Amino acid sequence: MTGAGIMKARCLATGFGPFDRFGENPSSMVASVLSDEFEDVVSVELPVIYGKAREELLSNLERIRPETVISFGLNGRIGHIALEEIAVNIRSSEKPDNSGKVMTNEPISPDGELAYRTTLPVERILDALRERGIPAGRSYSAGVYICNEVFYTLMEWCAASGSRGGFVHVPMVSEMIAADPASCSMPHMSSGMLIDAGRTILSIVMGERALR
Ligand code: PCA
């Protein structure tokens, strides 16, 4: 994860910190591995707080002005990599964010478009992931919680700046399950496979494998 200051990079990868019952969040792990391994990738961890996630993402986008933005988030109900298609201009959930706030059917961007579609090459990414034996699929809803707030915010920024971007939901990793035997029946993926998935996505999107 990076600190303050002006920094230009071709790609911004974001993840989230812990939330709800998840004491760790593999989305920030994968984002930070990518910034360690790929040249021109900067990673940032965003807070699971309505409004603050949007604000921090926007300030990093303005600071970095990346050509490509890939945001990762955890979906504890899936066992595969989910490439999100659509971000909607709605936030609403009974589940409180990390500050205790609940939102009911409110816009993310009051004057913004209703929805944006990912501009990542989803089909090529899915082919590459599946070729590597990594379970992956499309998703037509990123929910209406903080992940969707970040997805919508990045797509709105990309539409205005000409950059491209998208959102990827990831499953829990096996180590999280091993540390909490009560969750043994929950879907998950090894952290090695998740990191491989992140590398594969970046390689397709950036068109190269620029390892440090
Ligand atoms: N997943 C949540 C928010 C943070 C995260 O990693 C979501 O799907 O909205």
Side-chain angles (χ1 to χ4, degrees), residues 1 12-35 43-58 60-61 69-109 115-118 120 122 135-157 165-177 179-180 183 186-189 191 193-195 197-198 201:
M1 300 283 151
L12 173 66
T14 76
F16 288 99
F19 72 106
D20 194 24
R21 64 199 154 88
F22 306 108
E24 51 183 303
N25 194 327
S27 65
S28 58
M29 181 273 288
V30 71
S32 76
V33 167
L34 294 178
S35 66
S43 70
V44 168
E45 183 177 291
L46 298 170
V48 185
I49 299 180
Y50 285 119
K52 202 157 192 292
R54 175 172 169 86
E55 223 173 81
E56 287 193 18
L57 174 62
L58 284 172
N60 278 287
L61 288 168
V69 191
I70 305 179
S71 289
F72 295 90
L74 170 64
N75 180 349
R77 293 180 305 277
I78 59 173
H80 66 285
I81 302 295
L83 276 291
E84 297 294 348
E85 280 285 344
I86 301 164
V88 294
N89 192 4
I90 298 171
R91 38 191 173 182
S92 194
S93 71
E94 283 165 21
K95 185 167 64 180
D97 69 9
N98 281 355
S99 75
K101 189 159 59 180
V102 163
M103 288 260 182
T104 308
N105 209 10
E106 291 185 38
I108 296 164
S109 175
Y116 286 102
R117 239 185 135 133
T118 184
L120 296 181
V122 170
R138 270 193 165 80
S139 162
Y140 291 102
S141 173
V144 279
Y145 192 50
I146 321 290
C147 285
N148 176 66
E149 174 178 303
V150 161
F151 186 19
Y152 183 89
T153 300
L154 81 87
M155 293 313 307
E156 188 183 40
W157 186 85
F167 195 96
V168 182
H169 261 121
V170 303
M172 285 195 278
V173 289
S174 314
E175 292 79 355
M176 292 167 73
I177 305 287
D180 174 20
S183 64
M186 302 293 286
H188 58 274
M189 179 179 276
S191 55
M193 184 176 274
L194 178 56
I195 290 167
I201 294 168

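Given the structure is predicted, the values throughout are model-derived calculations rather than measurements. Heads up: numbering here begins at 1 and tracks the sequence. In listed order, ligands and their atoms are each counted from 1.
Judged by distance alone, with hydrogens and angles left aside, the side-chain atoms of Asn89 form a donor-acceptor pair with the main-chain N or O of Ser109 at under 3.5 Å. A distance-only check finds no donor-acceptor pair linking the side chain of Asp20 to the backbone of Phe22 [under 3.5 Å]. Without hydrogens or angle criteria, Asn148 side chain to Val88 main chain gives a donor-acceptor distance under 3.5 Å.
At a threshold of 4.0 Å, the pair Glu149-Arg54 does not count as salt-bridged, since none of the basic side-chain nitrogens sits closer than that to a carboxylate oxygen.
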Dump the pairs for me: ligand 1 N or O, protein N or O, distance under 3.5 Å, to 0.1 Å.
| residue | atom | partner | partner atom | Å |
| --- | --- | --- | --- | --- |
| ligand 1 | 1 (N) | Leu74 | O | 2.9 |
| ligand 1 | 6 (O) | Asn25 | ND2 | 2.9 |
| ligand 1 | 6 (O) | Leu74 | N | 2.8 |
| ligand 1 | 8 (O) | His169 | NE2 | 3.0 |
| ligand 1 | 9 (O) | Cys147 | N | 2.9 |

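Annotation: Tyr50 is in aromatic contact with Tyr145 [ring centroid separation under 6.0 Å].
Using a 3.5 Å distance cut-off with no hydrogens or angles, the side chains of Ser139 and Glu84 do pair a donor with an acceptor.
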